[in-house]
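Residue numbers start from 1 in every chain, and the chains themselves are labelled A, B, ... in the order their sequence lines are given, proteins ahead of strands. For the numbers below, each heavy atom of this structure counts, side chains included, while hydrogens, waters and symmetry mates do not.
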Protein chains: 2
Amino acid sequence: MVERAKRRPRDPEATREVILEAARTLLAKDGPEGISLSEVAHLAGVNRGTAYQHFETREKLIKATADWVSDKLFLAVFGDPATVGERRVEEVDVAELTDRLSDFAMDNPELCRVWLMQLLASPDPGADPFWREYCGSLERFAATEMAAPDVDAEVLAVINLAGAFLWPVWARAHAEGAPQRVQLARRFADECLRLSLYGSMRPEAFPDVAERVAKGPRPMSRRGRADS
Amino acid sequence: MVERAKRRPRDPEATREVILEAARTLLAKDGPEGISLSEVAHLAGVNRGTAYQHFETREKLIKATADWVSDKLFLAVFGDPATVGERRVEEVDVAELTDRLSDFAMDNPELCRVWLMQLLASPDPGADPFWREYCGSLERFAATEMAAPDVDAEVLAVINLAGAFLWPVWARAHAEGAPQRVQLARRFADECLRLSLYGSMRPEAFPDVAERVAKGPRPMSRRGRADS
DNA sequence: GCAATAGGCGACAACGCTGTTTATTAAACC
DNA sequence: GGTTTAATAAACAGCGTTGTCGCCTATTGC
């Protein structure tokens with residue numbers, strides 16, 4: 001009955017996955033900064049040296065986790081990546097999409113935050129699949145007649161995602177139990193949709209602001225970003 | 001020429017301030033998690049024991065810094081707290097306010113994030129002066145005829161602040177120099193105002209979403225939060 | 001089968017932070 | 001003056017993390 005710490009069967013892929021899974025668990029619990037390679041290795045039931053072999057540094061481990069989150073986000077919000085490419089912007093159900101984003105954020109608050117921070121700090125956000133699709137579809141939508149004129153899709157995407165991924169922090173601090181959390185998620189989604197439809201200020205009451213915001217002579221004109 | 005590490009004149013208030021200042025510097029540089037009491041004490045030129053005397057733990061130091069940020073935010077966005085109480089919601093210049101918020105966020109990205117996280121995670125946000133005024137004025141505004149109907153001020157406040165304080169992360173990663181950063185700050189403020197005025201989707205094109213969002217029979221009805 | 005490869009393991013040394021405690025100094029206050 | 005107390009210095013034990021070894025051995029590929 002000598003419990004030899006039996007050596008894990010030599011399977012790099014699987015080992016890497018165990019480590020990643022442990023990393024996810026800890027990241028989801030303690031957030032991006034309360035995590036160490038040692039801890040992860042311990043939880044994964046893997047030698048620390050082994051963990052170092054797969055992920056040279058903590059940063060790379062976090063990056064890898066963020067990539068995983070991006071995929072899950074994609075799946076949860078847009079569905080199967082294989083079938084998404086064919087979908088046209090016009091047929092997307094915005095309310096559904098908002099709900100799914102809000103729900104996923106509520107279910108994985110820390111992981112989403114990790115992903116968001118990685119993305120925002122990245123010099124090349126276009127490399128991220130979820131961002132690519134989210135911002136991209138927003139841009140495509142902005143070009144349609146269904147969208148308000150002069151939308152800055154990139155900024156709007158950041159605003160939406162920032163709200164969606166920080167709201168859970170508030171929600172967790174204020175919700176007593178699971179049902180309340182569901183309600184708060186819904187409340188966010190509702191306000192998000194309401195804001196998208198009507199804004200928060202009546203334009204008639206703010207002629208000067210309206211003038212400032214109007215970028216071109218005609219409502220549908222493209223807004224200029226690169227003007228010095 | 002013996003450089004005795006000359007003892008700091010006995011002035012608790014001043015010492016506390018030196019420590020806080022050092023904490024701010026480090027927080028602004030490394031963010032909330034890359035900070036230690038030792039480091040702060042060292043930078044402040046204060047004995048570690050002294051630092052521990054003023055702030056028992058790292059958390060309390062961060063909390064104290066967040067409080068300071070709240071005050072500065074208030075000053076930068078709303079102006080002198082003494083004269084604010086008298087101002088009526090109708091006479092607030094929203095564009096000015098948005099610009100000031102955006103600028104302050106761009107100038108103090110990490111500090112703002114520290115504050116925001118503290119606030120969101122706090123069970124009693126109402127204790128924070130800036131949040132009190134920001135969310136409060138939004139609520140008061142929402143009650144006027146100048147606002148769109150059915151605004152959920154609390155959610156909207158979180159969305160706005162989350163956007164304002166996370167946008168700088170994106171901006172820093174993409175701006176080459178100071179002028180570009182100014183431009184990006186402006187771009188955020190513009191989109192923020194545009195969104196507030198017009199939303200992003202034409203309501204006529206989304207009748208079902210509009211129906212979902214319409215909470216009451218009449219447009220001005222109060223939305224129900226506490227319905228089970 | 002057998003050897004080589006490399007995945008996985010255990011141990012080492014070094015570092016930094018945390019808290020807490022002691023004793024000492026010196027400024028400030030009455 | 002004498003008391004109070006902020007500030008300093010020094011040391012402690014304890015913890016967790018970081019890197020970096022060399023060894024072991026199961027798996028793979030011949």
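Ring centroid separation for the pair A:W115 and A:F130 comes in under the 6.0 Å cut-off.
The backbone N or O of B:G126 lies less than 3.5 Å from a partner atom in the side chain of B:R132, making a donor-acceptor pair. B:R87 places a side-chain N or O within donor-acceptor distance of the main-chain N or O of B:F78, the cut-off being under 3.5 Å. B:N108 places no side-chain N or O within donor-acceptor distance of the main-chain N or O of B:L111, the cut-off being under 3.5 Å. At least one donor-acceptor pair closer than 3.5 Å links the side chain of B:T25 to the backbone N or O of B:E21. In this structure a side-chain-to-backbone donor-acceptor pair under 3.5 Å is missing from B:S122 to B:Q118.
Going from atom CD1 of B:I35 over to atom C1' of C:dG16 covers 15 Å, rounded to whole Å. Remark: P of D:dT5 and CD of B:E13 are 16 Å apart, rounded to the nearest angstrom. Put simply, CG on B:D11 is 14 Å from C1' on C:dC29, counting in whole angstrom units.
Taking side-chain N and O atoms only, A:S36 has a distance below 4.0 Å to OP1 or OP2 of D:dT17. One finds a side-chain N or O of A:T15 lying less than 4.0 angstrom from the OP1 or OP2 phosphate oxygen of C:dG8.
Within residues 42-62 of chain A, the residues having any heavy atom under 4.0 Å from DNA chain D are, by residue number, A:R48, A:Y52.
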Base-pair map of DNA chain D as dot-bracket, where | denotes pairing with a different strand and pairs are Watson-Crick or G-U under 3.5 Å: ||||||||||||||||||||||||||||||

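With respect to A:R24 and A:E110, no salt bridge is recorded, no charged nitrogen being found less than 4.0 Å from a carboxylate O.
For B:P9 and B:L37, each mapped to the nucleotide of DNA chain C holding its nearest heavy atom, the one lying further toward the 5' end belongs to B:L37.
None of A:R186, A:R194, A:R187 except one satisfies the salt bridge (charged side-chain N to carboxylate O under 4.0 Å, His left out) rule with A:D190; the exception is A:R186.
Among C:dC9, C:dT18, D:dA6, the nucleotide with an atom closest to any side-chain atom of B:P12 is D:dA6.
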